[in-house]
Q: 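Below you will find the structure I want to go over with you.
Predicted, not measured: the structure shown is a model, and the values here were computed from it.
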Amino acid sequence: MNYRDRFKRVSTGLLLGTALGGLTQPAWAQDDPLAPQPVPQAAEPQVQAQAEPRTGVIRSISVTGNSRIEPETVTAYANLRPGDSYTAETLDAALRALYQTELFRDVVITGADTGNIIIAVQENPVINRIVLEGNRRLKDDKIAPEIRLAPRQIFTRSKVRADVERIIELYKREGRFAAVVEPKIVELDQNRVDLVFEIVEGEVSKIRSINILGNEQFSDGKLKKEMFSKEAGGFLGFLKSNDSYDPDRLAADQQKLRAFYLTQGYADFRVVSALAELTPDREDFVITYVVEEGPRYQFGKVEADSALRDFTEEQVMSAVTIKEGQWFDASAVEDNIDNLNQIAGLLGYAFADIQPRYFRDPETQKIDITFRVGETQRVYIDRIDINGNTVTRDNVIRREFRVAEGDAFNAAAIRRSEDRIKSLGFFQEELEIKQEPVGEDRVALNLDVEERSTGEVQLSAGFSSLERFLLSASIAQRNWMGKGQQLSAGVNWSRYSKSVQLGFVEPYFMGRQILLGGDIYRRDFNSFNFIGNQRNTTYSQNSTGGGIRLGFPVTEYFSFGARYRLVNDEIDLSRSLFFTDPDGDGPLEAECDPLKAGNYLCDELGTRLTSSIGYTLAFNNTDGLRATRGQRFSVSQDFAGLGGDVKYLKSSANAAKYFRLPADFILSVQGEGGYIHPFEDNGDEFRDDIRLTDRFFGPQSFRGFDIRGIGPRVERVLFDEDGNLVEQKDDLVSNALGGRAYYFGRVELEIPVSASFRNFGLRPSAFVDVGSVWSLTSPELTTVGPLCLPTSTDNGEVPVRVDPGADCPANFAGTGDYGFTEFFRGNSASPRLSVGVGVNWVSPFGPLRIDLAKALIKQDGDDTRLFSFNVGTQF
């Protein structure tokens with residue numbers, strides 16, 4: 001037997017064992033040139049017939065079959081030299097050494113019987129190129145870094161197998177456990193090959209089912225809700241992102257289960273085993289948990305042990321909410337520790353050592369707990385470091401800090417500083433002031449900020465049953481030149497209004513915490529209606545004005561602001577549609593015709609100047625622009641009468657409270673309202689003392705209703721040819737008049753979403769809106785019709801009016817102008833109510849808000865709107 005054959009037997013057995021041990025890898029095809037070659041059957045008789053010498057001396061060494069590798073290199077790897085003695089073990093070692101170089105695909109050593117050793121080699125080919133086929137989900141640039149082989153390197157089976165393992169592991173990390181990678185080679189001339197990895201990616205391996213064994217107190221469904229992982233399928237299953245198998249999520253689910261049981265009193269709970277099994281089709285996983293619940297414990301004695309002189313045991317116990325006899329709850333313990341840490345922080349202990357000590361009694365199934373407060377020194381602030389602000393100036397951030405270098409540490413003041421900096425809107429939402437010990441009694445406050453765009457271009461659009469399409473655009477910079485100043489300009493356009501405005505705000509005037517701002521604007525509002533498909537403009541309101549305002553803090557959470565405004569309003573009607581010229585002197589001498597416009601509009605015509613002064617007292621302790629906790633409210637009053645043409649007192653108030661609920665739900669409750677009291681009497685019983693331009697028309701956004709869609713209004717209803725009223729929407733003439741009083745309330749629940757949806761910037765919510773506008777003097781209403789026209793005018797007959805439903809007299813007939821009657825509607829404090837869902841989306845085009853709302857309670861005359869959206873972008 002030659003030594004190549006002996007070694008082949010050994011190596012083939014080893015390779016077979018390796019293949020059987022690695023069943024996760026794809027089988028090599030029998031015709032694959034990478035597969036080990038079988039031992040020639042003809043060699044067996046030769047082995048039996050030839051006797052091998054036990055020892056010998058190498059007379060000569062020759063190398064055959066080599067093309068790239070020098071013979072001296074081959075003999076050096078074999079560690080054989082002429083004149084050396086050899087044995088069977090020596091030649092076996094030489095054969096193994098040559099294979100271990102991975103330079104050769106085949107080695108045969110002969111001549112052992114004569115001492116003239118011949119080493120016949122077949123060199124491994126050189127890789128010409130590496131090709132990936134079948135990969136769709138993972139592109140070449142994602143797989144290429146996992147491949148260690150490269151063109152112009154020596155091809156070896158072991159390195160190919162290692163690359164296959166790495167590619168499959170890459171697919172496993174993507175959740176594709178059914179992926180198969182099969183290497184192929186294409187032989188070329190000059191002992192070169194192309195290496196081709198044929199990839200069958202397979203589908204993402206889902207979680208087919210989750211089985212829980214050993215649970216007696218809680219159902220499988222309850223425990224599955226506590227896990228991150230979810231079973232595939234079900235309603236809207238295609239939206240799930242956590243139904244694919246992830247080993248890391250499997251470990252996290254075990255912690256979630258333990259955390260849940262610890263909140264329910266099961267302190268001995270443990271997960272005995274967690275097994276994820278791949279189904280036979282290699283497409284899905286079945287996960288099985290074996291749990292041991294153990295007994296349920298109650299809290300026993302609750303005590304305190306404090307080493308701090310000014311944070312006594314009595315003070316500690318007064319802040320602890322856990323009571324003896326309650327079911328053990330690990331989360332309640334953590335909440336109490338957090339609360340105690342906050343109290344210690346208020347006393348100047350930045351790093352209070354508060355630890356719970358548990359004493360478990362399995363017999364009574366009670367757990368005694370002692371809150372131990374260790375000895376800690378008071379801490380002072382050594383320095384405040386701010387990093388990451390490239391646009392915003394340091395002083396803009398530092399002036400929001402409620403602590404300074406050298407101050408005693410105060411946890412509440414630091415948390416308030418975080419909230420104030422978040423409220424600027426200049427930085428990321430998850431902002432945190434971190435504490436770093438500096439010596440025994442010093443701490444450094446480190447704030448790492450990530451600036452975001454403070455310039456904003458906003459586009460708003462909406463659809464309504466009356467206006468059809470609404471569009472507005474505005475540009476604003478909330479951090480002008482990094483100084484925290486606000487500069488804004490806006491343009492609004494729709495079928496009912498056009499406006500332009502400019503504004504500027506300096507929040508720290510002359511370096512003091514005094515806000516100074518001003519704005520000027522021009523607003524043109526055109527009220528209109530439709531009769532059939534014909535759009536008719538009713539009245540136009542043109543306002544030109546401006547104002548200046550001043551504000552300053554009263555306390556940390558209270559602020560006071562004062563303002564002065566000067567506005568010139570002009571209300572006019574289309575002379576061609578609503579004016580008559582009885583004297584024939586031309587349009588400038590024409591008069592408003594109540595039959596065409598209505599008394600309620602004719603009485604409002606003219607130009608008036610409003611000079612008003614007002615104030616606002618506000619409270620706000622929320623935690624940022626997108627508040628998740630805290631409350632805010634404000635009270636405002638404006639008095640008009642410092643000169644000008646009108647006198648009134650307008651009062652309004654609004655409030656909101658935010659709650660962070662379990663499972664990351666955010667609940668907000670908001671309300672607002674207002675009332676206008678006149679200080680002059682116009683002497684007309686059909687004309688309200690508050691003019692049209694000063695009235696309330698409701699909140700800016702009452703989802704489910706149109707703009708100016710609720711409240712008092714006059715509707716004209718036409719008669720048909722039979723004298724009957726036709727209250728079809730296309731035939732109504734409706735004008736919103738506003739009211740002296742309004743209220744509005746909203747309850748909104750922000751719904752948490754999975755991590756993948758949060759990465760997309762989606763924040764869905766459900767809401768209920770309620771409100772009303774009312775308290776307006778009923779205007780004088782007009783009824784005209786039905787009219788009968790004479791069939792002949794030879795005798796001077798003129799049109800006559802008849803009662804609705806009456807027949808025309810002889811020689812008279814209807815002509816199609818059958819008249820109208822007016823109704824005063826919507827003047828009720830009864831609530832309007834809508835419900836709906838919406839979503840905020842930080843889209844590639846900017847922040848987008850979409851709402852779908854249904855009006856459930858409405859009054860006669862209200863205009864509803866089902867869908868609206870708002871989109872903007874930042875720079």
Q: Under 4.5 Å between any side-chain heavy atoms of T607 and N568, yes or no?
A: yes
Q: With side chain to side chain contact (heavy atoms under 4.5 Å, CB included) as the test, would you mind laying out the steps for F639 and Y648 before giving the verdict?
A: CA-CA 6 Å; F639 172 72; Y648 63 79; over 6 Å; no
Q: Whether the N621 and Q631 side chains hold a donor-acceptor pair (N or O, under 3.5 Å, no angle test) is what I'd like checked.
A: yes
Q: For a ring pair (Phe, Tyr, Trp, His ring centres under 6.0 Å) with F702, tell me which candidate from F744, F697, Y742 qualifies.
A: F744
Q: Nearest 0.5 Å, what's the CG-CZ distance between N654 and F633?
A: 10.0 Å
Q: Looking only at heavy atoms, which two atoms of K422 and L431 are closest? And how far apart?
A: CE-O, 3.5 Å
Q: For the CG atom of L852 and the CZ atom of F867, what is their distance to the nearest 0.5 Å?
A: 8.0 Å
Q: Side chain to side chain contact (heavy atoms under 4.5 Å, CB included), that's the test. Do R825 and Q859 meet it? Break it down for me.
A: CA-CA 8 Å; R825 290 172 169 167; Q859 306 295 326; over 6 Å; no
Q: Do the side chains of D769 and F705 get nearer than 4.5 Å, heavy atoms only?
A: no
Q: Of all the heavy-atom pairs spanning T622 and G630, show the shortest one and how long it is.
A: CG2-C, 3.9 Å
Q: Under the side-chain hydrogen bond (donor to acceptor under 3.5 Å, both in side chains) rule, what do R632 and Y658 come out as? Steps first, then yes or no, please.
A: CA-CA 9 Å; R632 56 175 173 80; Y658 301 89; 3.3 Å; yes
Q: Under 3.5 Å, is there a donor-acceptor pair linking the side chains of Y564 and S611?
A: yes
Q: Do the non-hydrogen side-chain atoms of D684 and D689 ever get within less than 4.5 Å of each other?
A: no
Q: Please determine whether a side-chain nitrogen of the Lys or Arg among R565 and D638 lies less than 4.0 Å from a carboxylate oxygen of the Asp or Glu.
A: no
Q: Check for me whether K650 meets the cation-pi criterion with F696, that is, NZ or CZ under 6.0 Å from the six-membered ring centre and within 45 degrees of the ring axis.
A: yes
Q: In Å and rounded to the nearest 0.5 Å, what is the NE2 to CG distance from H677 to L649?
A: 7.5 Å
Q: Might you point out which heavy atoms bring S543 and V567 nearest each other, and give the distance in Å?
A: CB-CG1, 4.2 Å
Q: Restricting to pairs with a member in residues 672-681, which pass salt bridge (charged side-chain N to carboxylate O under 4.0 Å, His left out), not counting sequence neighbours?
A: none
Q: Yes or no on side chain to side chain contact (heavy atoms under 4.5 Å, CB included) for Y508 and L515, after CA distance, side-chain angles and deciding distance?
A: CA-CA 6 Å; Y508 276 76; L515 180 145; over 6 Å; no
Q: Taking the side chain as everything from C-beta on, heavy atoms only, tell me whether S765 gets closer than 4.5 Å to I751.
A: no
Q: Would you say E750 and T628 make side-chain contact, with heavy atoms under 4.5 Å?
A: no
Q: Name all pairs fulfilling the salt bridge (charged side-chain N to carboxylate O under 4.0 Å, His left out) condition that reach into residues 410-420, sequence neighbours left out, sorted by first residue then second.
A: E400-R420, R416-E556, D419-R629, R420-E556
Q: Nearest 0.5 Å, what's the OG1-CZ distance between T616 and F560?
A: 8.0 Å
Q: Tell me whether the count of non-hydrogen atoms from other residues, nucleotides or ligands lying under 6.0 Å of CD in E450 goes above 12.
A: no
Q: May I ask you to decide if the ring planes of Y557 and F619 are parallel, tilted or perpendicular, using 30° and 60° as cut-offs?
A: tilted
Q: How long is the straight-line distance from OG of S778 back to CZ of F824, given to the nearest 0.5 Å?
A: 5.0 Å
Q: Taking N827 for its side chain and L776 for its backbone only, find out whether a donor-acceptor pair lies under 3.5 Å.
A: yes
Q: Taking Q326 for the side chain and K323 for the main chain, is one N or O donor matched with an acceptor at less than 3.5 Å?
A: yes
Q: Would R398 count as a cation-pi partner of F401, with NZ or CZ less than 6.0 Å from the six-membered ring centre and within 45° of the ring normal?
A: no
Q: Given E604 and R695, is the salt bridge (charged side-chain N to carboxylate O under 4.0 Å, His left out) satisfied, shown in steps?
A: CA-CA 12 Å; E604 297 292 341; R695 299 170 190 161; 3.1 Å; yes
Q: Quick check: are there more than 12 heavy atoms from other residues, nucleotides or ligands sitting under 6.0 Å from NZ of K657?
A: yes
Q: Measuring from atom CH2 of W480 to atom CD of Q485, what distance do you get when rounded to the nearest 0.5 angstrom?
A: 9.0 Å
Q: With respect to I520, which candidate in L502, T544, V500 satisfies the side-chain contact (heavy atoms from CB on, under 4.5 Å) definition?
A: L502
Q: Quick one, R660 and I666 - any side-chain contact, counting heavy atoms below 4.5 Å?
A: yes
Q: Is there a donor in the side chain of E748 and an acceptor in the side chain of S668, or the other way round, less than 3.5 Å apart?
A: no
Q: Check A656 against Q670 and note the closest heavy-atom contact, atom names and distance.
A: CB-CG, 3.7 Å
Q: Before giving the answer on side chain to side chain contact (heavy atoms under 4.5 Å, CB included), spell out for I548 and L516 the whole-Å C-alpha distance, their side-chain angles and the decisive distance to 0.1 Å.
A: CA-CA 8 Å; I548 188 171; L516 180 65; 4.2 Å; yes
Q: Locate the shortest heavy-atom distance separating A855 from G704; write the atom from each residue and the value.
A: CB-O, 3.8 Å
Q: Is it true that R713 and D863 make a salt bridge, defined as a side-chain N closer than 4.0 Å to a carboxylate O?
A: yes
Q: Side chains of residues 829-839: which donor-acceptor pairs under 3.5 Å do they make with residues two or more places apart or in other chains?
A:
residue	atom	partner	partner atom	Å
S830	OG	S828	OG	3.0
R832	NE	D862	OD2	2.9
R832	NH1	S772	OG	2.7
R832	NH1	S828	O	3.1
R832	NH1	S830	O	3.4
R832	NH2	G826	O	3.1
R832	NH2	D862	OD1	3.3
S834	OG	R703	O	2.5

Q: Between the side chains of N479 and T392, does any donor sit under 3.5 Å from an acceptor?
A: yes
Q: Should the pair R563 and Y615 be classed as cation-pi, given the thresholds of under 6.0 Å to the six-membered ring centre and 45° from the axis?
A: no
Q: State, yes or no, whether a side-chain contact exists between F427 and L447 at a heavy-atom distance under 4.5 Å.
A: no
Q: If I compare all heavy atoms of Y675 with all of S775, which pair ends up nearest, and what's the gap?
A: CE1-OG, 4.2 Å
Q: Are R708 and D706 ion-paired here, with the side-chain N under 4.0 Å from a carboxylate O?
A: no
Q: Has N336 got a side-chain atom pairing as donor or acceptor with T321's backbone, closer than 3.5 angstrom?
A: yes
Q: Any side-chain heavy-atom pair from D688 and N682 closer than 4.5 angstrom?
A: no
